[in-house]
Enquirer: 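There's a structure below that I have some questions on.
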There are 2 protein chains.
Amino acid sequence: MNKEKNFQGYLHDKGLKSTRQRDDIASFFLQQDKHFTVEELYNEIKKSYPQIGYATVYRTLKLLMEAGLATECQFVDGLTRFEPVHEGEHHDHLVCLKCGKIIEFENDKIEQLQIEVARELDFELTNHKCVLYGYCNKCKE
Amino acid sequence: MNKEKNFQGYLHDKGLKSTRQRDDIASFFLQQDKHFTVEELYNEIKKSYPQIGYATVYRTLKLLMEAGLATECQFVDGLTRFEPVHEGEHHDHLVCLKCGKIIEFENDKIEQLQIEVARELDFELTNHKCVLYGYCNKCKE
DNA sequence: AGCGAATTTGATATTCATTATCAATACGAG
DNA sequence: CTCGTATTGATAATGAATATCAAATTCGCT
Ligand SMILES: [Mn+2]
Ligand SMILES: [Mn+2]
Ligand SMILES: [Zn+2]
Ligand SMILES: [Zn+2]
(Lines give C-alpha, C1' and ligand atoms only; values in the text may rest on other atoms or scores of the structure.)
(Ligands and ions follow the chains in the order given, each with its own letter.)
Protein backbone atom coordinates (compact mmCIF):
# COMPACT_ATOMS: atom_id res chain seq x y z
CA MET A 1 0.00 0.00 0.00
CA ASN A 2 1.58 3.17 -1.22
CA LYS A 3 0.13 5.66 1.21
CA GLU A 4 1.34 3.68 4.16
CA LYS A 5 4.81 3.88 2.63
CA ASN A 6 4.34 7.64 2.40
CA PHE A 7 3.46 7.79 6.05
CA GLN A 8 6.44 5.65 7.05
CA GLY A 9 8.59 7.93 4.94
CA TYR A 10 7.15 11.04 6.53
CA LEU A 11 7.82 9.72 10.00
CA HIS A 12 11.34 8.73 9.12
CA ASP A 13 12.14 12.07 7.46
CA LYS A 14 10.96 13.92 10.53
CA GLY A 15 12.95 11.69 12.86
CA LEU A 16 9.77 10.25 14.30
CA LYS A 17 9.32 6.63 15.16
CA SER A 18 7.18 4.04 13.52
CA THR A 19 5.03 2.33 16.13
CA ARG A 20 2.49 -0.43 16.23
CA GLN A 21 -0.21 2.13 17.09
CA ARG A 22 0.63 4.57 14.32
CA ASP A 23 0.86 1.78 11.78
CA ASP A 24 -2.45 0.27 12.82
CA ILE A 25 -4.25 3.59 12.74
CA ALA A 26 -2.74 4.64 9.43
CA SER A 27 -3.24 1.34 7.66
CA PHE A 28 -6.88 1.20 8.66
CA PHE A 29 -7.68 4.85 8.10
CA LEU A 30 -5.92 5.27 4.79
CA GLN A 31 -7.74 2.48 3.04
CA GLN A 32 -11.16 3.73 4.06
CA ASP A 33 -13.32 6.11 2.10
CA LYS A 34 -15.31 7.78 4.85
CA HIS A 35 -15.45 10.92 6.92
CA PHE A 36 -14.46 9.74 10.37
CA THR A 37 -15.16 11.23 13.72
CA VAL A 38 -12.27 10.67 16.12
CA GLU A 39 -14.59 8.52 18.18
CA GLU A 40 -15.62 6.42 15.17
CA LEU A 41 -12.01 5.85 14.25
CA TYR A 42 -11.07 5.08 17.85
CA ASN A 43 -13.77 2.43 18.02
CA GLU A 44 -12.64 0.83 14.77
CA ILE A 45 -8.99 0.72 15.78
CA LYS A 46 -9.89 -0.77 19.13
CA LYS A 47 -11.11 -3.87 17.33
CA SER A 48 -7.60 -4.72 16.23
CA TYR A 49 -5.76 -2.97 19.05
CA PRO A 50 -7.99 -2.98 22.15
CA GLN A 51 -5.57 -1.14 24.40
CA ILE A 52 -5.23 1.85 22.05
CA GLY A 53 -5.52 5.23 23.73
CA TYR A 54 -7.80 8.04 22.67
CA ALA A 55 -4.96 10.54 22.66
CA THR A 56 -2.94 8.41 20.29
CA VAL A 57 -5.72 8.53 17.74
CA TYR A 58 -5.77 12.32 17.95
CA ARG A 59 -2.01 12.48 17.69
CA THR A 60 -1.80 10.13 14.74
CA LEU A 61 -4.52 11.99 12.86
CA LYS A 62 -2.52 15.16 13.35
CA LEU A 63 0.53 13.44 11.91
CA LEU A 64 -1.46 12.15 8.96
CA MET A 65 -2.60 15.70 8.30
CA GLU A 66 0.94 17.02 8.43
CA ALA A 67 1.95 14.28 6.03
CA GLY A 68 -0.78 15.43 3.67
CA LEU A 69 -2.58 12.11 3.95
CA ALA A 70 -5.67 13.31 5.80
CA THR A 71 -7.92 16.35 5.75
CA GLU A 72 -10.21 17.76 8.34
CA CYS A 73 -13.79 18.77 7.69
CA GLN A 74 -16.27 20.60 9.89
CA PHE A 75 -19.77 20.22 8.62
CA VAL A 76 -22.95 20.81 10.49
CA ASP A 77 -23.03 18.84 13.73
CA GLY A 78 -20.07 20.60 15.31
CA LEU A 79 -17.92 17.46 15.17
CA THR A 80 -14.59 17.44 13.41
CA ARG A 81 -14.28 14.71 10.82
CA PHE A 82 -11.23 13.35 9.06
CA GLU A 83 -10.97 11.71 5.68
CA PRO A 84 -8.07 10.07 3.92
CA VAL A 85 -6.59 11.98 0.99
CA HIS A 86 -6.53 9.81 -2.08
CA GLU A 87 -3.54 10.28 -4.34
CA GLY A 88 -3.70 13.51 -6.34
CA GLU A 89 -7.41 13.84 -5.83
CA HIS A 90 -9.40 16.76 -4.54
CA HIS A 91 -13.10 17.13 -3.94
CA ASP A 92 -15.57 19.29 -2.08
CA HIS A 93 -18.78 18.37 -0.31
CA LEU A 94 -22.52 18.67 -0.26
CA VAL A 95 -24.10 18.01 3.12
CA CYS A 96 -27.74 17.16 3.75
CA LEU A 97 -29.08 19.22 6.62
CA LYS A 98 -31.68 16.60 7.46
CA CYS A 99 -30.02 13.18 7.28
CA GLY A 100 -26.40 14.27 7.36
CA LYS A 101 -25.52 12.51 4.12
CA ILE A 102 -22.26 13.69 2.62
CA ILE A 103 -21.88 13.78 -1.15
CA GLU A 104 -18.60 14.56 -2.84
CA PHE A 105 -18.11 16.55 -6.01
CA GLU A 106 -15.36 17.82 -8.21
CA ASN A 107 -15.74 20.81 -10.48
CA ASP A 108 -12.73 22.06 -12.37
CA LYS A 109 -14.40 25.29 -13.41
CA ILE A 110 -15.04 26.25 -9.81
CA GLU A 111 -11.49 25.34 -8.87
CA GLN A 112 -10.18 27.48 -11.71
CA LEU A 113 -12.35 30.44 -10.77
CA GLN A 114 -11.15 30.23 -7.18
CA ILE A 115 -7.57 30.50 -8.43
CA GLU A 116 -8.53 33.59 -10.40
CA VAL A 117 -10.29 35.16 -7.43
CA ALA A 118 -7.18 34.68 -5.35
CA ARG A 119 -4.93 36.11 -8.02
CA GLU A 120 -7.10 39.20 -8.44
CA LEU A 121 -6.87 39.84 -4.71
CA ASP A 122 -3.12 39.30 -4.66
CA PHE A 123 -3.49 36.28 -2.47
CA GLU A 124 -1.31 33.18 -2.55
CA LEU A 125 -3.75 30.30 -2.44
CA THR A 126 -2.82 27.11 -0.63
CA ASN A 127 -6.12 25.29 -0.22
CA HIS A 128 -9.82 25.80 0.14
CA LYS A 129 -12.96 24.30 1.57
CA CYS A 130 -16.24 24.60 -0.24
CA VAL A 131 -19.32 23.09 1.36
CA LEU A 132 -22.80 23.18 -0.12
CA TYR A 133 -25.67 22.71 2.32
CA GLY A 134 -29.21 21.62 1.54
CA TYR A 135 -31.37 18.55 1.21
CA CYS A 136 -30.53 15.33 -0.57
CA ASN A 137 -32.90 13.65 -3.01
CA LYS A 138 -34.47 11.59 -0.24
CA CYS A 139 -34.90 14.43 2.22
CA LYS A 140 -36.38 17.13 0.02
CA GLU A 141 -40.03 16.13 -0.23
CA MET B 1 -32.30 51.46 11.09
CA ASN B 2 -34.04 48.88 8.98
CA LYS B 3 -32.36 45.73 10.20
CA GLU B 4 -33.15 46.56 13.78
CA LYS B 5 -36.78 46.85 12.68
CA ASN B 6 -36.46 43.40 11.13
CA PHE B 7 -35.17 42.04 14.38
CA GLN B 8 -37.96 43.66 16.39
CA GLY B 9 -40.39 42.23 13.88
CA TYR B 10 -38.87 38.78 14.13
CA LEU B 11 -39.10 38.83 17.91
CA HIS B 12 -42.69 40.00 17.82
CA ASP B 13 -43.76 37.45 15.23
CA LYS B 14 -42.30 34.66 17.33
CA GLY B 15 -43.95 35.93 20.49
CA LEU B 16 -40.60 36.85 21.96
CA LYS B 17 -39.94 39.95 23.96
CA SER B 18 -37.93 43.00 23.09
CA THR B 19 -35.45 43.75 25.84
CA ARG B 20 -32.82 46.34 26.57
CA GLN B 21 -30.12 43.66 26.20
CA ARG B 22 -31.35 42.30 22.88
CA ASP B 23 -31.75 45.78 21.48
CA ASP B 24 -28.30 46.88 22.57
CA ILE B 25 -26.62 43.80 21.15
CA ALA B 26 -28.54 43.93 17.88
CA SER B 27 -28.13 47.64 17.30
CA PHE B 28 -24.41 47.47 17.87
CA PHE B 29 -23.78 44.23 16.00
CA LEU B 30 -25.91 44.96 12.97
CA GLN B 31 -24.22 48.19 12.09
CA GLN B 32 -20.74 46.71 12.21
CA ASP B 33 -18.89 45.16 9.33
CA LYS B 34 -16.67 42.70 11.10
CA HIS B 35 -16.39 39.05 11.96
CA PHE B 36 -16.97 38.94 15.68
CA THR B 37 -15.93 36.42 18.22
CA VAL B 38 -18.49 36.07 20.99
CA GLU B 39 -15.92 37.42 23.37
CA GLU B 40 -15.18 40.44 21.17
CA LEU B 41 -18.85 41.24 20.93
CA TYR B 42 -19.34 40.70 24.65
CA ASN B 43 -16.56 43.18 25.42
CA GLU B 44 -17.99 45.78 23.06
CA ILE B 45 -21.50 45.50 24.45
CA LYS B 46 -20.19 45.77 27.98
CA LYS B 47 -19.08 49.32 27.23
CA SER B 48 -22.67 50.46 26.86
CA TYR B 49 -24.22 47.83 29.14
CA PRO B 50 -21.67 46.79 31.77
CA GLN B 51 -23.87 44.24 33.52
CA ILE B 52 -24.56 42.25 30.35
CA GLY B 53 -24.20 38.50 30.70
CA TYR B 54 -22.15 36.25 28.48
CA ALA B 55 -25.04 33.87 27.96
CA THR B 56 -27.24 36.68 26.72
CA VAL B 57 -24.76 37.46 23.95
CA TYR B 58 -24.81 33.83 22.85
CA ARG B 59 -28.58 33.74 23.00
CA THR B 60 -29.04 36.94 21.07
CA LEU B 61 -26.62 35.86 18.36
CA LYS B 62 -28.64 32.69 17.98
CA LEU B 63 -31.78 34.78 17.58
CA LEU B 64 -30.10 37.02 15.03
CA MET B 65 -29.13 33.93 13.06
CA GLU B 66 -32.67 32.60 13.15
CA ALA B 67 -33.87 35.98 11.97
CA GLY B 68 -31.46 35.74 9.06
CA LEU B 69 -29.52 38.79 10.23
CA ALA B 70 -26.29 37.06 11.19
CA THR B 71 -24.15 34.23 9.86
CA GLU B 72 -21.62 32.05 11.53
CA CYS B 73 -18.15 31.38 10.15
CA GLN B 74 -15.50 28.96 11.31
CA PHE B 75 -12.15 29.79 9.89
CA VAL B 76 -8.81 28.62 11.08
CA ASP B 77 -8.33 29.39 14.76
CA GLY B 78 -11.15 27.16 15.95
CA LEU B 79 -13.20 30.13 17.14
CA THR B 80 -16.70 30.69 15.87
CA ARG B 81 -17.22 34.13 14.43
CA PHE B 82 -20.41 35.99 13.59
CA GLU B 83 -20.98 38.66 11.01
CA PRO B 84 -24.02 40.77 10.26
CA VAL B 85 -25.87 39.96 7.06
CA HIS B 86 -26.20 43.04 4.93
CA GLU B 87 -29.42 43.33 2.96
CA GLY B 88 -29.55 40.98 -0.02
CA GLU B 89 -25.80 40.55 -0.08
CA HIS B 90 -23.74 37.40 -0.11
CA HIS B 91 -20.01 36.90 -0.06
CA ASP B 92 -17.40 34.28 0.67
CA HIS B 93 -13.99 34.59 2.30
CA LEU B 94 -10.27 34.37 1.85
CA VAL B 95 -8.33 33.86 5.06
CA CYS B 96 -4.64 34.50 5.55
CA LEU B 97 -3.04 31.60 7.39
CA LYS B 98 -0.32 33.83 8.80
CA CYS B 99 -1.92 37.08 9.98
CA GLY B 100 -5.53 35.94 10.06
CA LYS B 101 -6.71 38.69 7.74
CA ILE B 102 -10.14 38.05 6.26
CA ILE B 103 -10.91 39.24 2.75
CA GLU B 104 -14.37 39.04 1.24
CA PHE B 105 -15.22 38.24 -2.33
CA GLU B 106 -18.22 37.73 -4.54
CA ASN B 107 -18.12 35.70 -7.71
CA ASP B 108 -21.34 35.13 -9.60
CA LYS B 109 -19.83 32.48 -11.84
CA ILE B 110 -18.85 30.35 -8.88
CA GLU B 111 -22.27 30.83 -7.33
CA GLN B 112 -23.91 29.76 -10.56
CA LEU B 113 -21.70 26.70 -10.93
CA GLN B 114 -22.52 25.67 -7.38
CA ILE B 115 -26.20 25.76 -8.25
CA GLU B 116 -25.52 23.54 -11.26
CA VAL B 117 -23.48 21.09 -9.20
CA ALA B 118 -26.36 20.78 -6.76
CA ARG B 119 -28.90 20.29 -9.54
CA GLU B 120 -26.83 17.58 -11.20
CA LEU B 121 -26.67 15.70 -7.90
CA ASP B 122 -30.40 16.11 -7.29
CA PHE B 123 -29.74 18.20 -4.25
CA GLU B 124 -31.87 21.11 -3.03
CA LEU B 125 -29.39 23.84 -2.20
CA THR B 126 -30.05 26.19 0.69
CA ASN B 127 -26.70 27.82 1.33
CA HIS B 128 -22.99 27.29 1.12
CA LYS B 129 -19.71 28.26 2.63
CA CYS B 130 -16.63 28.67 0.50
CA VAL B 131 -13.37 29.61 2.18
CA LEU B 132 -10.06 30.09 0.41
CA TYR B 133 -6.95 29.73 2.55
CA GLY B 134 -3.49 31.08 1.82
CA TYR B 135 -1.32 34.12 2.34
CA CYS B 136 -2.27 37.74 1.86
CA ASN B 137 -0.12 40.19 -0.09
CA LYS B 138 1.75 41.22 3.04
CA CYS B 139 2.38 37.72 4.31
CA LYS B 140 3.58 35.97 1.19
CA GLU B 141 7.19 36.98 0.90
C1' DA C 1 -51.05 53.13 35.92
C1' DG C 2 -50.85 48.63 37.99
C1' DC C 3 -51.29 43.23 37.89
C1' DG C 4 -49.64 39.00 36.87
C1' DA C 5 -48.42 35.20 33.83
C1' DA C 6 -44.81 34.15 31.11
C1' DT C 7 -40.39 35.22 29.30
C1' DT C 8 -35.74 36.75 29.97
C1' DT C 9 -31.60 37.59 32.32
C1' DG C 10 -27.12 36.59 34.42
C1' DA C 11 -24.36 34.04 37.51
C1' DT C 12 -22.79 29.79 37.51
C1' DA C 13 -22.73 24.70 36.81
C1' DT C 14 -22.32 21.38 33.28
C1' DT C 15 -21.08 19.21 29.10
C1' DC C 16 -18.02 17.66 25.85
C1' DA C 17 -14.31 17.90 22.38
C1' DT C 18 -9.61 18.62 22.41
C1' DT C 19 -5.06 19.34 24.51
C1' DA C 20 -1.57 18.87 28.20
C1' DT C 21 0.76 16.10 31.63
C1' DC C 22 3.74 12.54 33.03
C1' DA C 23 5.32 8.00 34.49
C1' DA C 24 5.89 3.74 32.17
C1' DT C 25 7.03 1.63 27.86
C1' DA C 26 8.77 0.96 23.18
C1' DC C 27 11.77 2.20 19.46
C1' DG C 28 15.98 2.02 16.88
C1' DA C 29 20.75 3.85 15.99
C1' DG C 30 25.00 2.31 17.07
C1' DC D 1 21.97 -5.75 23.31
C1' DT D 2 22.11 -1.04 25.38
C1' DC D 3 20.70 3.38 26.21
C1' DG D 4 18.91 7.87 25.16
C1' DT D 5 14.88 9.56 23.40
C1' DA D 6 10.28 9.38 21.50
C1' DT D 7 5.82 7.47 22.32
C1' DT D 8 1.99 5.76 24.71
C1' DG D 9 -2.19 5.84 27.47
C1' DA D 10 -4.59 7.06 31.56
C1' DT D 11 -6.20 11.01 33.20
C1' DA D 12 -6.25 15.99 34.37
C1' DA D 13 -6.93 20.42 32.40
C1' DT D 14 -8.77 23.66 29.23
C1' DG D 15 -12.18 26.22 26.99
C1' DA D 16 -16.16 27.04 24.09
C1' DA D 17 -20.90 26.36 24.21
C1' DT D 18 -25.12 24.97 26.61
C1' DA D 19 -28.19 24.11 30.65
C1' DT D 20 -30.01 25.55 35.09
C1' DC D 21 -32.70 28.37 37.99
C1' DA D 22 -33.93 32.16 41.08
C1' DA D 23 -34.64 36.96 40.43
C1' DA D 24 -35.92 40.60 37.33
C1' DT D 25 -38.35 42.27 33.34
C1' DT D 26 -41.75 42.55 29.77
C1' DC D 27 -46.30 43.40 27.98
C1' DG D 28 -51.24 42.27 27.27
C1' DC D 29 -54.98 43.35 29.95
C1' DT D 30 -57.95 45.66 33.15
MN1 LIG E 1 -14.89 13.78 1.22
MN1 LIG F 1 -17.62 38.29 5.72
ZN1 LIG G 1 -30.74 13.76 3.40
ZN1 LIG H 1 -1.59 37.86 6.08
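Proteins get letters first, then strands, A, B, ... in listed order; numbering begins at 1 in each. No experiment lies behind these values; they were computed from the predicted model shown.
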Enquirer: For every nucleotide of nucleotides 16-22 of chain C, 5' to 3': is a protein heavy atom under 4.0 Å from its base (B), only from its sugar-phosphate (S), or from neither (-)?
Expert: -SBBBB-

Enquirer: Check nucleotides 2-6 of chain C for protein N or O atoms closer than 3.5 Å to its own N or O atoms and list the pairs.
Expert:
| from | atom 1 | to | atom 2 | distance (Å) |
| --- | --- | --- | --- | --- |
| dA6(C) | N3 | Lys17(B) | NZ | 3.1 |

Enquirer: Tell me whether Arg22(B) contacts the main-chain N or O of Lys17(B) through its side chain, where contact means a donor paired with an acceptor under 3.5 Å.
Expert: yes

Enquirer: Above 12 or not: heavy atoms from other molecules or residues under 6.0 Å from CD of Glu39(B)?
Expert: no

Enquirer: Calculate the interatomic distance between Tyr42(B) atom OH and dT12(C) atom C1'; express it in whole Å.
Expert: 12 Å

Enquirer: To the nearest 0.5 Å, what is the distance between CG (Leu16(A)) and CD (Glu66(A))?
Expert: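 Reported value, rounded in 0.5 Å steps: 8.0 Å.
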
Enquirer: For Thr126(B) and Tyr133(A), indicate whether the former's side chain and the latter's backbone hold a donor-acceptor pair under 3.5 Å.
Expert: yes

Enquirer: Is the phosphate of dT8(D), meaning OP1 or OP2, less than 4.0 Å from a side-chain N or O of Arg22(A)?
Expert: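 Yes, within the criterion.
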
Enquirer: Looking at Ser48(B) and Ile45(B), would you say the former's side chain and the latter's main chain have a donor-acceptor pair under 3.5 Å?
Expert: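 Flag set: sc Ser48(B) to bb Ile45(B) pair under 3.5 Å.
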
Enquirer: Looking only at the aromatic ring of each residue, does the gap between the centers of His128(A) and His90(A) stay below 6.0 angstrom?
Expert: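 Yes, the ring centres sit under 6.0 Å apart.
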
Enquirer: By nearest heavy atom, map Leu63(A) and Leu16(B) onto DNA chain D; which one lands nearer the 5' end?
Expert: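 Checking each residue's closest nucleotide, the 5'-ward one belongs to Leu63(A).
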
Enquirer: Please give the angle, rounded to 10 degrees, between the axes at the start and the end of the helix from dA1(C)-dT30(D) to dG30(C)-dC1(D), where five pairs define each axis.
Expert: 40°

Enquirer: Determine: side-chain N/O of Thr19(B) to OP1/OP2 of dT9(C), distance under 4.0 Å, yes or no.
Expert: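 So the side chain of Thr19(B) is within the cut-off, an N or O lying under 4.0 Å from OP1 or OP2 of dT9(C).
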
Enquirer: Is there a side-chain contact (heavy atoms from CB on, under 4.5 Å) between Thr80(B) and Val38(B)? Walk through the geometry before answering.
Expert: CA-CA 8 Å; Thr80(B) 300; Val38(B) 172; 6.0 Å; no

Enquirer: Supply the atom-to-atom distance Ile110(A) CD1 to Ile115(A) CD1, rounded to the nearest 0.5 angstrom.
Expert: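 Output value for this atom pair is 12.5 Å.
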
Enquirer: Atom NZ of Lys46(B) and atom C1' of dT9(C): how far apart are they, to the nearest Å?
Expert: 16 Å

Enquirer: Rounding to an integer number of Å, can you tell me how far Leu11(B) CG sits from dG28(D) P?
Expert: 13 Å

Enquirer: Rounded to the Å, how far apart are Lys14(A) NZ and dT7(D) P?
Expert: 13 Å

Enquirer: Counting only N and O atoms by type, is there a donor-acceptor contact under 3.5 Å from the side chain of Lys129(A) to the main-chain atoms of Glu72(A)?
Expert: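 Flag set: sc Lys129(A) to bb Glu72(A) pair under 3.5 Å.
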
Enquirer: Taking atom P of dA17(D) as reference, at what distance in whole Å does atom CZ of Arg81(B) sit?
Expert: 11 Å

Enquirer: Can a side chain N or O of Thr56(A) be found less than 4.0 Å away from OP1 or OP2 on dG9(D)?
Expert: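 For dG9(D), OP1 or OP2 has a side-chain N or O of Thr56(A) closer than 4.0 Å.
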
Enquirer: Mind checking if Tyr49(A) touches a base, just sugar-phosphate, or nothing, with heavy atoms under 4.0 Å?
Expert: sugar-phosphate

Enquirer: Testing the 3.5 Å rule here: is there a donor-acceptor pair between the side chains of Asn107(B) and Gln114(A)?
Expert: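 Side chains of Asn107(B) and Gln114(A): no pair found under 3.5 Å.
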
Enquirer: Look at the rings of His93(A) and His35(A) and say which category their plane angle falls in: under 30° parallel, 30 to 60° tilted, over 60° perpendicular.
Expert: perpendicular

Enquirer: Would you tell me if any nitrogen or oxygen in the side chain of Gln21(B) comes within less than 4.0 Å of OP1 or OP2 on dG10(C)?
Expert: yes

Enquirer: In whole angstrom, give the distance that lies between atom CD1 of Ile25(A) and atom P of dT8(D).
Expert: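 Going from Ile25(A) (CD1) to dT8(D) (P), I get 7 Å.
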
Enquirer: Between Asn137(A) (side chain) and Asp122(B) (backbone), is there a donor-acceptor pair under 3.5 Å?
Expert: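 Not at all, since once roles are kept as given, no pair shorter than 3.5 Å links the two residues.
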
Enquirer: If I take atom CG in residue Asp13(B) and atom P in nucleotide dC27(D), what distance separates them, rounded to the nearest angstrom?
Expert: 14 Å

Enquirer: Just the rounded figure in Å: distance from P of dT25(D) to CG of Asp24(B).
Expert: 14 Å

